[in-house]
Amino acid sequence: MITTVLTDIEGTTSSISFVKDVLYPYARAALPGFVRAHGQQPEVRRWLDQVAIEISASACQDAVIVETLQGWIDQDRKHTALKALQGLVWEAGYRDGDFTASLYPDVAPALRAWHAAGHRLAVYSSGSVPAQQLLFSHTDAGDLTPLISAYFDTEIGGKREADSYRSIAGQLAVAPGEIVFLSDVVEELDSARAAGLRTVLLDRREDYPQPRSGEAANGHRRVTSFTEIQA
């Protein structure tokens with residue numbers, strides 16, 4: 001019996017192009033001004049200092065840290081400090097109405113239906129928890145945060161590590177087999193399955209023009225839309 005639907009975001013609920021072509025460029029362009037204006041605020045400083053330590057330059061100027069962060073954005077690096085800072089930058093963008101979060105049209109109706117049917121909804125993404133909450137509160141289908149009861153990011157562990165999914169099940173206080181994980185990344189689904197979760201591969205044509213079936217799906221159930229999922 002599935003009681004919890006755990007979903008990824010990029011390539012699953014939202015197109016990869018929205019993240020790559022809207023969110024990432026916005027954060028890259030806005031970071032210098034954001035750090036100049038807010039760099040001494042504790043919630044910002046802690047992440048800047050973490051980056052400085054990692055690049056072995058604890059006394060370096062913020063401009064150098066910003067250049068490092070921009071380089072990480074260009075590399076699509078999944079770094080917790082970068083994701084946290086991006087989330088803070090995106091908060092201003094959402095608040096100012098510079099953009100809304102684009103979802104695939106099948107996502108919001110499915111989430112509402114699953115919630116109404118009594119299923120618990122949770123999110124696990126490499127983006128920070130605040131960034132996830134911002135996205136779902138500013139979607140082109142409205143505020144969906146009342147539907148979602150839990151959020152997880154890489155602070156709980158990497159998405160390609162089975163222990164991360166075991167920890168999520170523990171925090172949700174449900175057996176792993178009562179969770180179905182939705183993602184477009186086969187390696188993430190492999191790790192979730194190793195932890196005992198059920199899995200569904202989202203193979204959306206906009207993001208993956210060549211269907212991933214057979215061996216490419218590695219045994220995971222493959223769908224192209226949330227409408228094909230019976231939670």
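Source: prediction; values computed, not measured. The basis for the numbers below is simple: all heavy atoms, side chains too, and nothing from hydrogens, waters or symmetry mates.
- In this structure, Trp90 CH2 and Tyr24 OH are separated by 6.0 Å, a value rounded to the nearest 0.5 Å.
- Between Glu54 and Arg77 there is a salt bridge, since a side-chain N of the basic residue sits under 4.0 Å from a carboxylate O of the acidic one.
- Ion pairing between a basic and an acidic side chain is recognised when a charged N comes within 4.0 Å of a carboxylate O; Arg205 and Asp203 show such pairing.
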Practice problem: Evaluate the side-chain hydrogen bond (donor to acceptor under 3.5 Å, both in side chains) criterion for residues Gln132 and Ser125: first the C-alpha distance (whole Å), next the side-chain angles of each, then the deciding distance (0.1 Å), finally the verdict. | Solution: CA-CA 8 Å; Gln132 296 172 29; Ser125 173; 4.5 Å; no

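- One distance of note links CG of Leu202 with CD of Glu228; it measures 9.0 Å at 0.5 Å rounding.
- Of all heavy-atom pairs spanning Gln133 and Thr145, the tightest one is O-CG2, 3.6 Å.
- Summarising the geometry of Gln50 relative to Ala81, their closest heavy-atom pair is NE2-CB, 3.9 Å, with the distance given to 0.1 Å.
- By the side-chain hydrogen bond (donor to acceptor under 3.5 Å, both in side chains) test, Thr199 pairs with His220, sequence neighbours left out.
- A donor-acceptor contact under 3.5 angstrom links the side chains of Arg120 and Ser149, judged on distance only.
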Practice problem: Would you check, one step at a time, whether the test salt bridge (Lys or Arg N to Asp or Glu O under 4.0 Å) holds for Asp163 with Arg166? | Solution: CA-CA 5 Å; Asp163 282 345; Arg166 296 187 184 100; 2.6 Å; yes

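- Cation-pi check for Arg204 over Phe226 is met; the charged atom lies under 6.0 angstrom from the ring centroid and within 45 degrees of its normal.
- Ionic pairing of Arg46 and Asp49 is not present here: no N-O contact between side-chain nitrogen and carboxylate oxygen is shorter than 4.0 angstrom.
- Hydrophobic clustering of Ile, Leu, Val, Met, Phe, Trp and Tyr side chains at less than 4.5 Å, counting indirect connections, unites Trp114 with Leu147.
- Side-chain contact between Phe152 and Leu172 is present, with at least one heavy-atom pair separated by less than 4.5 Å.
- In the hydrophobic clustering of ILVMFWY residues, with side-chain heavy atoms under 4.5 Å counting as a link, Leu135 and Ile16 come out apart.
- Taking 4.0 Å as the cut-off between side-chain N and carboxylate O, Lys20 and Asp76 count as a salt-bridged pair.
- No more than 12 heavy atoms of other residues, nucleotides or ligands shown are found within 6.0 angstrom of CD on Gln230.
- The distance from the CG atom of Asp153 to the OG atom of Ser128 is 6.5 Å, given to the nearest 0.5 Å.
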